[in-house]
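Values below: all heavy atoms of this structure, side chains included; hydrogens, waters and symmetry mates excluded. We count residues from 1, following the sequence as given. Quick caveat: nothing in here was measured; it's all calculated off a predicted structure. Just so you know, ligand 1 is whichever comes first in the structure, and atom 1 is the first atom listed for that ligand.
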Amino acid sequence: MPTDSFANVGQMLRQLRPVQPVYCIYPKRYKASTASFVGGFPGRVLYAVKANDDPRILSLLYESGIRHFDCASLPEVSRVAGLFPDASCYFMIPVRLRGAAAAAQRQYGVRHFVIDHDAGLETLAREIDLPGSVIFARMAVHHKSAVSDLSAKFGAAPALIPSLIESIAACGAEPALAFNVGSSVTDPDAYRYAIGVAAGVLETLPRKLRLVDIGGGFAMPYPGFPVPPLAEYFAAVRDAMTALPLSENGEILCEPGRALAAPGLTAVVEVLMRKDDRLFLNDGIYGIFWELNLKGHDRYPAIAYRDGRPLYGSQRDFRLYGPTCDNIDVLPGAVGLPADIRAGDYIEFSGIGAYSLSGRTSFNGHYSDTVVTIEAD
Ligand SMILES: *Cc1c(COP(=O)(O)O)cnc(C)c1O
């Protein structure tokens with residue numbers, strides 16, 4: 001066994017007694033969750049790399065059947081292409097650094113891009129070869145069940161989509177349609193609704209499109225944040241997509257980030273100090289927990305460890321503080337933990353793979369690079 005691989009978290013703690021936070025990849029969890037997503041979704045699954053771009057996690061997703069990657073920058077394209085020469089990268093953001101689309105196409109063979117305005121089409125058209133490229137027109141759709149609205153910054157109103165599609169076709173690329181219902185979409189009906197809006201727009205077009213990308217947003221459950229199982233989202237999509245007037249070889253695409261990234265990662269942190277019902281940890285809101293600053297869930301499932309073994313016993317709620325000087329470095333939700341937890345114990349937070357490793361900072365000098373593999377289920 002390589003030294004960064006352990007049978008379970010207890011063994012890791014007994015061997016390392018780590019001072020820094022340790023991020024634990026559970027390959028079996030990633031493989032099972034990815035395979036069930038790819039098997040259940042009625043179309044092509046693109047992984048949204050920004051949710052977690054750790055190369056080990058990208059490799060597990062690839063091994064579990066992901067061959068398409070939704071990238072938001074040239075470095076993301078370069079990372080994916082470097083790991084998996086036979087994978088396809090899609091450059092699915094309507095604004096890019098100057099020259100990035102050109103480099104993505106010339107160096108990495110990227111053929112799929114997105115725009116949401118004529119201004120963006122002009123810029124893109126100067127950088128890529130249009131024949132052989134697919135350009136998605138991104139439509140804004142809002143639904144109340146999305147915790148964060150992904151149509152506030154990007155997306156053209158549905159009424160503007162037909163002319164964007166015609167502009168794309170006129171410049172020689174294949175037009176397609178994309179939208180994003182939101183992130184952490186708590187109601188599968190949001191997809192039914194958005195696909196319905198898309199169907200209404202497509203019906204008015206003089207041509208049939210081949211590809212419709214319904215975006216990401218598939219929600220994951222967290223404590224205090226229950227959501228329907230993925231199967232209900234897939235059923236809603238399967239049902240609604242029958243109304244889409246697609247061309248004969250038509251296909252729908254999705255871009256899950258959270259649903260693929262979240263399940264297989266945990267963070268194991270040490271309790272540095274206890275003051276009554278307040279615990280001070282070696283990781284915080286500037287580190288692995290940064291996503292808790294956003295709307296949505298306010299905590300992760302947690303179990304405590306003492307002397308390398310799970311610690312059970314009657315529980316009480318604790319407020320959890322990070323290691324920095326800053327007042328806001330406190331996790332928003334209280335977390336139930338054994339009432340006698342103390343400094344030197346560890347806490348493992350699970351389901352923490354989405355928007356955690358990517359996006360944390362080294363504020364106050366805290367930044368752990370310890371990522372290990374756990375063989376347990
Ligand atoms: C962030 C994002 C995603 C992934 O969203 P999740 O909520 O993590 O599934 C997909 N597509 C686009 C365009 C995004 O911006």
Side-chain angles (χ1 to χ4, degrees), residues 30 33-34 37-38 40-41 43-54 57-58 61 66 68-73 76-77 80 88-96 100-101 110 112-117 120 134-143 145-156 176-188 190-191 194 198 211-222 225 227-228 230 233-234 236-237 252-265 290-292 294-297 351-359:
Y30 272 126
S33 55
T34 307
F37 197 108
V38 173
F41 183 78
R44 198 186 297 178
V45 180
L46 284 52
Y47 171 57
V49 174
K50 72 172 196 261
N52 192 324
D53 63 356
D54 183 278
I57 292 171
L58 292 175
L61 300 186
I66 297 290
H68 306 276
F69 293 84
D70 163 11
C71 299
S73 67
E76 284 190 355
V77 171
V80 170
S88 311
C89 292
Y90 299 61
F91 209 151
M92 295 303 279
I93 178 158
V95 64
R96 299 157 308 275
V110 172
H112 297 80
F113 299 89
V114 64
I115 55 126
D116 67 351
H117 194 275
V134 177
I135 302 181
F136 291 84
R138 179 155 161 185
M139 180 175 75
V141 276
H142 307 272
H143 194 271
S145 77
V147 163
S148 102
D149 186 350
L150 282 176
S151 292
K153 179 170 174 185
F154 293 124
L177 181 68
F179 53 85
N180 260 271
V181 182
S183 196
S184 278
V185 177
T186 55
D187 182 353
Y191 292 89
L211 301 177
V212 171
D213 182 343
I214 69 166
F218 303 91
M220 287 280 104
Y222 298 93
F225 190 82
V227 297
L230 283 173
Y233 292 79
F234 298 158
V237 170
I252 64 160
L253 291 64
C254 67
E255 305 169 342
R258 175 184 309 283
L260 295 182
L265 189 79
W290 65 271
E291 196 209 20
L292 297 180
L294 312 177
K295 275 186 289 174
H297 59 110
I352 201 172
Y355 307 106
S356 54
L357 283 181
S358 62

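Under a 4.0 Å criterion applied to the non-hydrogen atoms of E255, ligand 1 contributes the atoms 3 (C), 4 (C), 9 (O), 10 (C), 11 (N), 12 (C), 13 (C). Atoms of ligand 1 found under 4.0 Å from any heavy atom of P256 (numbered from 1 in listed order, with element): 9 (O). Using a 4.0 Å cut-off to heavy atoms of G216, the atoms of ligand 1 that qualify are 9 (O), 10 (C). Of all the atoms in ligand 1, the ones that sit under 4.0 Å from a non-hydrogen atom of A48 are 3 (C), 4 (C), 10 (C). The contact set between ligand 1 and D70, taken as ligand atoms under 4.0 Å from a residue heavy atom, comprises 10 (C), 11 (N), 12 (C). The atoms of ligand 1 that sit less than 4.0 Å from any heavy atom of R138 are 13 (C). The ligand atoms of ligand 1 that sit less than 4.0 angstrom from a heavy atom of R258 are 6 (P), 8 (O), 9 (O).
Side-chain contact of R258 with S184: a donor-acceptor pair under 3.5 Å is present, judged by distance alone.
In terms of polar-atom proximity, G257 is counted as a contact of ligand 1, with an N or O under 3.5 Å from an N or O of the ligand.
For D187, there are no side chain to side chain donor-acceptor pair (under 3.5 Å) partners at least two apart in sequence or on another chain. Under the side-chain contact (heavy atoms from CB on, under 4.5 Å) criterion, D213 pairs with L46, M92, F136, A178, L253, E255, sequence neighbours left out.
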side-chain contact (heavy atoms from CB on, under 4.5 Å) evaluation trace for F113 with I93: CA-CA 7 Å; F113 299 89; I93 178 158; over 6 Å; no
List the steps, then state whether ring pair (Phe, Tyr, Trp, His ring centres under 6.0 Å) holds for H68 with Y90. CA-CA 7 Å; H68 306 276; Y90 299 61; 5.6 Å; yes
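Within the 4.0 Å heavy-atom cutoff, G217 counts among the residues contacting ligand 1. Ligand 1 is never approached by A259 to a heavy-atom distance shorter than 4.0 Å. At least one heavy atom of Y355 sits closer than 4.0 Å to an atom of ligand 1.
F41 has its side chain within reach of I214: a pair of non-hydrogen atoms, C-beta onward, lies under 4.5 Å apart. Between V49 and D70 there is no side-chain heavy-atom pair separated by less than 4.5 Å.
In this structure, Y191 and Y233 have perpendicular ring planes: the angle between them is above 60°, well past the 30° mark.
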